[in-house]
Student: 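Pasting a structure here, questions to come.
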Amino acid sequence: MSTVTTEPSVRTSTMAQALNAALRDEMRADPTVHLLGEDVGTLGGVFRITDGLAAEFGADRCLDTPLAEAGILGTAVGMAMYGLRPVVEMQFDAFAYPAMEQLVSHVAKMRNRTAGKLALPITVRIPYGGGIGGVEHHSDSSESYYASTPGLHVVTPATVDDAYGLLRASIASDDPVIFLEPKRLYWSKAELNTAAATEPIGRAVLRRQGGSAVLITYGPSLPVCLEAAEAAKAEGWDLAVLDLRSLVPFDDATVAQVVRSVGRAVVVHESTGFGGVGAEIAARVTERCFHHLAAPVLRVTGFDIPFPPPMLEHHHLPGVDRILDAVAKLQWED
Amino acid sequence: MSTVTTEPSVRTSTMAQALNAALRDEMRADPTVHLLGEDVGTLGGVFRITDGLAAEFGADRCLDTPLAEAGILGTAVGMAMYGLRPVVEMQFDAFAYPAMEQLVSHVAKMRNRTAGKLALPITVRIPYGGGIGGVEHHSDSSESYYASTPGLHVVTPATVDDAYGLLRASIASDDPVIFLEPKRLYWSKAELNTAAATEPIGRAVLRRQGGSAVLITYGPSLPVCLEAAEAAKAEGWDLAVLDLRSLVPFDDATVAQVVRSVGRAVVVHESTGFGGVGAEIAARVTERCFHHLAAPVLRVTGFDIPFPPPMLEHHHLPGVDRILDAVAKLQWED
Amino acid sequence: MTVLDHRPTAPVPPWLPGATDPRTDPAPLLPDHTPVRVLGTPELAKHDPELLRDLYRRLVIGRRYNQQATTLTKQGRLAVYPSSTGQEACEVAAATVLRPQDWLFPSYRDTLAVVGRGVDPLAALTLLRGSAHTGYDPVATRTAPLCTPLATQAPHAVGLAHAARLRGEDVIALAMLGDGGTSEGDFHEALNFAAVLNAPVVFLVQNNGYAISVPLTKQSAAPSLAHKAVGYGLPGRLVDGNDVVAVHEVLSEAFDRARNGGGPTLVEALTYRLDAHTNADDATRYRVSAEVEAWREHDPVTLMERHLREAGVLDDALVARAAEQAEALAATMRAEFHAEPQLDPHSLFQHVYAEPTPQLREQADQLAAELAAEAGA
Amino acid sequence: MTVLDHRPTAPVPPWLPGATDPRTDPAPLLPDHTPVRVLGTPELAKHDPELLRDLYRRLVIGRRYNQQATTLTKQGRLAVYPSSTGQEACEVAAATVLRPQDWLFPSYRDTLAVVGRGVDPLAALTLLRGSAHTGYDPVATRTAPLCTPLATQAPHAVGLAHAARLRGEDVIALAMLGDGGTSEGDFHEALNFAAVLNAPVVFLVQNNGYAISVPLTKQSAAPSLAHKAVGYGLPGRLVDGNDVVAVHEVLSEAFDRARNGGGPTLVEALTYRLDAHTNADDATRYRVSAEVEAWREHDPVTLMERHLREAGVLDDALVARAAEQAEALAATMRAEFHAEPQLDPHSLFQHVYAEPTPQLREQADQLAAELAAEAGA
Ligand SMILES: Cc1ncc(C[n+]2csc(CCOP(=O)(O)OP(=O)(O)O)c2C)c(N)n1
Ligand SMILES: Cc1ncc(C[n+]2csc(CCOP(=O)(O)OP(=O)(O)O)c2C)c(N)n1
Ligand SMILES: [Mg+2]
Ligand SMILES: [Mg+2]
């Protein structure tokens with residue numbers, strides 16, 4: 001991470017504000033950091049994550065681009081080639097798809113294609129997931145596309161601290177990072193100490209201890225898992241909750257250690273299940289912890305359907321009950 | 001499948017020829033079938049899969065389009081909306097990425113978005129995978145993107161018969177099908193009986209019986225697995241080989257039945273491992289067969305790297321030795 | 001001979017004369033400097049008074065529709081509404097020019113055009129209400145679903161028009177999009193395909209000066225968006241988008257050209273959205289009220305009323321009739337949206353594929369069990 | 001005040017005069033009807049004879065380079081070679097116009113331009129040899145990797161030029177692509193970004209009449225590809241792509257304009273590839289030999305030689321010198337490609353990330369163990 005030249009602050013902050021603070025502090029610390037995207041300048045972004053940054057740093061460093069996602073990311077590639085550190089905002093998950101070719105064929109591969117001569121320190125910020133009543137194309141969870149593309153880091157915060165710390169670490173990374181922002185947590189609040197909230201990419205963290213089983217999750221599903229763990233007490237289950245924070249690289253060491261110690265695991269995410277990141281997690285946990293498992297690693301995920309209309313989305317999103325149903329299936333009779 | 005109005009034929013055929021025959025027979029049987037793509041007309045495609053079809057059916061039904069994959073697929077969507085049955089050729093795996101937005105936001109979702117009123121019977125043919133010495137961007141295995149997108153069928157043949165039968169079934173399907181053609185098998189040869197080679201989408205098939213363990217695979221890796229199974233005899237292992245043929249829908253019934261009967265499984269594919277389709281297979285097999293498993297389901301896949309240059313690709317692609325190494329790890333001591 | 005009539009003739013070597021002469025077209029490629037206007041010009045007199053009165057009536061109803069829909073968002077009856085207030089002239093002209101057999105490819109902002117061509121208002125707003133995705137049958141109504149991913153509907157319009165032409169049927173596709181949408185690759189690819197295929201499709205770009213907060217000056221450096229037609233060998237037309245008669249005239253010409261095998265046209269209509277981008281947007285962040293007020297002076301509804309009255313085509317009685325019809329529509333909307341929507345959780349699994357996969361059947365069963373348990377608890 | 005100087009001023013309402021006047025530009029938007037030519041015109045005399053001789057020499061070497069590379073494919077020393085035989089005038093002019101600080105964004109067909117600007121021929125061909133992806137250091141050589149996904153390098157050029165301008169550095173980016181590439185969305189988005197950002201970038205489209213088998217008539221209905229500039233508010237230029245002096249002149253003008261803050265230019269060079277698309281292609285499937293022969297008459301190398309001899313700028317000695325240098329290059333290429341390439345399997349894992357992930361470290365160990373076992377066996 002770049003040297004912080006700004007005053008650290010401690011205050012109650014929403015995740016949106018924490019992301020804004022991370023951008024501001026990183027822009028102050030490193031003049032090569034440039035933001036670009038649709039409506040990021042004058043408007044401050046449709047979620048206001050870039051609020052005030054054009055005013056502070058000027059339109060050149062917080063650029064309202066034409067409306068073309070491949071063009072935005074492709075332009076960012078060129079900027080990075082000339083030594084800038086671009087941070088791209090995609091307005092919503094589904095609107096990042098037009099940039100897929102630039103992402104897969106260039107952003108992810110450039111370092112490899114050039115034997116390390118050309119690094120692309122680009123951060124692509126993508127608000128993702130449902131739970132905010134968005135109409136179609138506004139609630140996709142597209143992490144599996146990115147996580148299965150070698151060359152990308154895939155990071156997703158679930159707390160206010162991590163939103164700040166991980167975004168700064170992502171911008172400072174010399175590799176491209178897909179930074180997935182759980183949009184339904186934008187308005188979640190906590191105390192943020194910017195001096196303390198530093199976090200390198202790649203470490204999972206145990207958010208809750210528990211001896212019966214572990215819920216492995218990330219991003220938007222963390223609060224749901226914590227709620228489920230609380231509710232599980234009534235059933236006599238003491239559930240640990242593990243927050244991955246980074247899907248790539250994956251913290252095999254921490255995950256395996258926790259799973260081995262409890263012997264039962266449920267993976268929870270709201271993205272569709274088939275071919276989702278949960279499949280990878282379940283598969284690799286099983287490969288590494290097979291003889292410690294009392295039951296198969298189960299998955300609680302969104303259904304294998306296009307994201308539903310707002311009034312039906314609660315049926316699709318994994319909730320406390322669905323998680324507890326899965327926990328109940330963990331063959332407690334053994 | 002449409003009524004076949006052509007004479008069935010029996011002859012030795014390459015996979016490329018079988019695909020060509022399937023297109024021809026489907027175009028003869030159904031006048032609404034239209035091909036479009038880059039170089040599919042006059043040239044007959046860079047792999048000659050559409051050879052002779054413009055001559056037989058005219059330029060309107062075998063259309064050389066401008067060079068723009070999103071435009072091609074988007075145009076196909078409109079054609080399908082008007083009752084045609086478009087078959088799109090993407091020239092290579094990596095060149096399908098520009099069409100990702102059309103694919104994910106429209107092709108995969110249109111039926112769902114319109115409560116079934118608007119079906120898109122589009123087949124997108126994509127030559128995929130390595131093993132032919134292609135330079136960068138010519139050897140990607142992109143099946144995980146498609147398999148994790150609800151609304152798409154994802155089909156991939158590994159034999160000459162299936163190339164014919166599954167392509168016809170895909171074109172005849174009222175849903176969009178991503179038809180992945182293993183390009184290194186284009187020149188593989190077998191007897192093709194077009195009358196017999198019919199195959200519905202969605203059924204896995206056991207290509208080789210075996211009692212020790214099962215190799216679960218598809219597309220380009222089938223011949224490698226069969227070779228490995230043969231070589232395994234020397235080690236005293238009797239390996240079954242299961243060819244999935246369709247990744248979506250997934251033939252859970254057949255897969256689970258075979259895994260339960262042998263108790264050990266290795267998933268083999270050449271796509272990168274992390275977040276690959278193999279993760280889904282391993283995860284769901286484990287969920288369904290946990291107590292029948294003597295060992296964790298292991299995966300043998302390409303490494304988590306951008307596809308290597310031609311002279312190094314053999315190190316990346318799963319080969320017989322790597323498969324046997326995995327089989328050796330199946331905890332035979334139990 | 002195919003309808004495409006592609007002659008892959010050898011490219012003429014460029015040192016031979018004539019090889020690179022620009023296309024000479026009955027419809028000149030470059031748009032006029034000034035946008036086409038009819039209101040306030042002698043041209044108005046040439047138009048059928050019945051058509052003019054109908055356009056006026058539709059404008060009044062359209063404005064009321066926009067207002068009522070906006071009110072519904074405030075009452076929580078609609079999840080979101082991207083209003084076309086100020087842009088009704090384009091919406092109405094589009095709806096009016098479409099014949100029953102033609103297809104409309106609307107963007108999210110074009111519910112008014114959708115309703116205008118005959119789709120039930122409730123059905124047209126279903127997506128924005130949030131109870132289902134598309135509320136109408138696109139095939140029966142010949143109206144594609146409202147399209148959110150920008151410009152992605154444009155190639156669909158091309159493909160449909162092309163398919164209709166291949167079948168020898170007289171069908172025209174109208175794709176509607178905004179100024180921001182012209183920056184997307186799909187816009188480019190669609191225009192190029194349309195031109196190469198000579199498809200009977202018309203592109204109507206409503207240039208309302210903004211893509212959410214981004215003004216046109218940051219979107220394009222072109223003399224006009226209509227100039228974009230030149231690079232595809234297509235005719236481009238610039239029209240005052242608040243002059244419903246002018247938009248109708250320019251679209252009609254484009255439709256005639258398409259019908260007669262003349263291929264696609266790109267129309268840029270200069271207009272302005274008087275409301276925010278959607279009810280969720282705060283337009284004061286990026287534009288000054290003086291600008292909005294200036295455009296209010298050129299409001300498409302009052303403009304039309306003034307000029308038709310001047311021309312003696314409209315009188316108080318007709319104005320009152322239109323207002324009544326508008327109120328009736330608003331009342332219907334209020335009533336329909338007052339009722340709670342029918343929601344069926346099981347519908348989630350019904351139309352993912354023609355036949356649900358085994359996986360979806362399992363998942364549907366799971367949800368059914370959950371709902372049963374909830375109901376039991 | 002920022003270099004972009006965006007003034008998000010209110011859009012002028014269209015009923016006020018002047019609102020929609022086309023941009024008046026010192027560089028007129030529309031290309032001339034006829035492509036710029038210098039050879040065979042009195043203009044030739046105005047050019048520095050040293051430059052002319054250098055261009056000639058480079059053409060001769062370039063032709064030989066193409067021939068040798070093609071031979072290497074036949075010998076199995078290159079996996080594939082997309083030859084620029086017939087297009088050397090564009091390749092040479094591009095390489096010559098670039099200053100050391102400028103950046104080149106080549107397509108797969110532009111190895112000759114890459115070599116021409118000073119990259120080692122072996123390094124330039126590494127991708128096509130198949131031993132590694134990019135053989136040269138893009139930063140040190142200011143040459144982006146050869147780009148295969150069509151038109152995707154165009155936005156990179158824009159971004160780089162924009163970044164250089166933001167830093168106040170005099171750097172121009174030259175993006176090279178083919179006629180087919182202009183159909184891709186990325187081309188459109190790049191031109192639009194370039195225009196809006198007023199970036200110092202030049203787009204050189206080599207219109208060789210074909211995208212693999214697809215002739216230009218199926219690719220575009222535009223009067224010329226240079227006309228595409230109009231839709232972005234950019235100047236477009238049409239040039240005889242087999243006239244190296246003309247291409248050099250047109251590119252130089254475009255570079256001057258960019259350097260002086262005049263922004264981007266789109267240049268279309270009319271040319272022809274005399275070879276097949278690559279050695280793997282069979283061009284007889286889609287074009288007739290009469291066409292090829294007609295273009296041979298306009299071969300860029302012989303054309304240049306003839307006109308320079310006529311102008312008294314070139315004599316037998318210089319022609320012989322150029323041929324010698326070309327042979328020397330060919331000999332170097334033969335020698336370099338005769339050696340077996342150095343291959344390092346471990347390199348597979350080295351540059352996926354700055355630091356290998358734990359997963360990649362495991363996989364690298366696995367491969368190392370496999371290779372050790374193989375070596376042991
Ligand atoms: C591909 C894509 N990117 C981004 C968005 C988010 N978005 C919705 S509307 C909008 C602005 C569109 O502006 P314009 O095309 O001018 O249409 P208007 O809203 O003015 O009618 C944006 C950026 C989107 N819907 N699709
Ligand atoms: C996105 C993408 N789609 C398809 C291809 C496959 N392809 C390689 S070259 C080529 C034709 C390109 O034609 P043109 O742009 O005219 O360049 P030329 O080869 O004539 O130099 C095609 C279709 C590709 N490389 N990238
Ligand atoms: Mg707009
Ligand atoms: Mg070409």
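Quick note on labels: first sequence line is chain A, next is B, and so on, each numbered from 1.
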Student: Rounded to the nearest 0.5 Å, what separates atom NZ in C/Lys218 from atom CG in A/Asp64?
Tutor: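 It comes to 4.0 Å.
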Student: So which part of A/Glu69 gets closer than 4.5 Å to some heavy atom of chain C, the side chain, the backbone, both or neither?
Tutor: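 The answer is both parts of A/Glu69.
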Student: Give, as side chain, backbone, both or neither, the part of A/Phe303 having an atom under 4.5 angstrom from any heavy atom of chain C.
Tutor: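 Looking at A/Phe303, backbone and side chain both touch chain C.
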Student: Among A/Glu313, A/Glu38, A/Arg322, single out the residue with the greatest number of heavy-atom pairs under 4.5 Å to chain C.
Tutor: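 Option with the greatest count: A/Arg322.
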Student: Relative to chain A, which segment of C/Glu184 carries a heavy atom at a distance below 4.5 Å: side chain, backbone, both, or neither?
Tutor: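 Both parts, backbone and side chain.
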Student: Could you walk me through whether A/His315 and C/Glu370 pass the side-chain contact (heavy atoms from CB on, under 4.5 Å) test, one step at a time?
Tutor: CA-CA 9 Å; A/His315 294 298; C/Glu370 286 176 13; over 6 Å; no
Student: C/Asp344 versus chain A, heavy atoms under 4.5 Å apart: side chain, backbone, both or neither?
Tutor: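 Looking at C/Asp344, just its backbone touches chain A.
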Student: Quick check on C/Leu360 against chain A: is it the side chain, the backbone, both or neither that has a heavy atom closer than 4.5 Å?
Tutor: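 For C/Leu360, the side chain is the part near chain A, not the backbone.
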Student: Considering only heavy atoms and a distance below 4.5 Å, find which of A/Val135, A/Thr65, A/Asp325, A/Ile305 pairs most often with chain C.
Tutor: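 Winner by heavy-atom pair count: A/Ile305.
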Student: By a 4.5 Å heavy-atom criterion (distance strictly below it), what part of C/Val214 contacts chain A: side chain, backbone, both, or neither?
Tutor: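 Both parts, heavy atoms under 4.5 Å.
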Student: What part of C/Leu146 is in contact with chain A, defined as an atom under 4.5 angstrom from a non-hydrogen atom: side chain, backbone, both or neither?
Tutor: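 Answer is backbone: N, CA, C or O of C/Leu146 sit under 4.5 Å from chain A.
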Student: Specify the closest pair of heavy atoms between C/Ser183 and A/Ala68, including all atoms of both residues, with the distance to one decimal.
Tutor: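 What the structure gives for the nearest pair is O-CB, 3.3 Å.
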Student: Given heavy-atom pairs under 4.5 angstrom as the criterion, report whether the side chain, backbone, both or neither of A/His137 touches chain C.
Tutor: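 Just the side chain, heavy atoms under 4.5 Å.
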Student: Under a 4.5 Å heavy-atom cut-off, does chain A meet the side chain of C/Ser347, its backbone, both or neither?
Tutor: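 Contact with chain A: side chain only.
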Student: If you look at every heavy atom in A/Asp39 and C/Ala211, which pair is closest and at what distance?
Tutor: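 Answer, listing the atom of A/Asp39 first, then C/Ala211: OD1-O, 3.4 Å.
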Student: Might you point out which heavy atoms bring C/Ser131 and A/Leu312 nearest each other, and give the distance in Å?
Tutor: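 Shortest heavy-atom separation between C/Ser131 and A/Leu312 comes out as O-CD1, 4.2 Å.
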Student: Heavy-atom count around C/Gln75 CD within 6.0 Å, excluding the residue itself: above 12?
Tutor: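 More than 12 heavy atoms, drawn from other residues, nucleotides or ligands, come within 6.0 Å of this atom.
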Student: Is A/His314 close to chain C through its backbone or its side chain, or both, or neither, when contacts mean heavy atoms under 4.5 Å?
Tutor: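 It is neither, since no heavy atom gets under 4.5 Å.
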Student: Is a side-chain donor or acceptor of C/Gln363 paired with a backbone partner of A/Asp304 at a separation under 3.5 angstrom?
Tutor: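 Side chain of C/Gln363 to backbone of A/Asp304: a pair is present.
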Student: Counting C-beta onward and ignoring hydrogens, is there a side-chain heavy-atom pair between A/Phe95 and C/Thr148 closer than 4.5 Å?
Tutor: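 Touching, per the 4.5 Å side-chain cut-off.
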Student: Do the side chains of C/Ile212 and A/Leu67 get nearer than 4.5 Å, heavy atoms only?
Tutor: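 Contact flag for A/Leu67/C/Ile212 side chains = no.
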Student: Once rounded to the nearest 0.5 Å, what's the spacing between atom OH of C/Tyr286 and atom OG1 of A/Thr42?
Tutor: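 So the OH of C/Tyr286 and the OG1 of A/Thr42 are separated by 10.5 Å.
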Student: Would you call A/Asp51-C/Arg285 a salt bridge at under 4.0 Å N-O?
Tutor: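 C/Arg285 and A/Asp51: salt-bridged.
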Student: Give me the atom names and distance for the closest heavy-atom approach of A/Pro309 to C/Ala132.
Tutor: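 Closest approach of A/Pro309 to C/Ala132, heavy atoms only: CG-CA, 3.6 Å.
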Student: What's the separation between atom NE2 in A/His316 and atom CZ in C/Phe349, rounded to the nearest 0.5 Å?
Tutor: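 If I round to the nearest 0.5 Å, the distance is 9.0 Å.
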Student: Using non-hydrogen atoms and a 4.5 Å limit, figure out which bit of C/Leu348 sits close to chain A: side chain, backbone, both or neither.
Tutor: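 Both backbone and side chain of C/Leu348 come within 4.5 Å of chain A.
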Student: In the structure I gave you, are the side-chain heavy atoms of A/Val46 and C/His277 within less than 4.5 Å of one another anywhere?
Tutor: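 A/Val46 does not reach C/His277 side chain to side chain.
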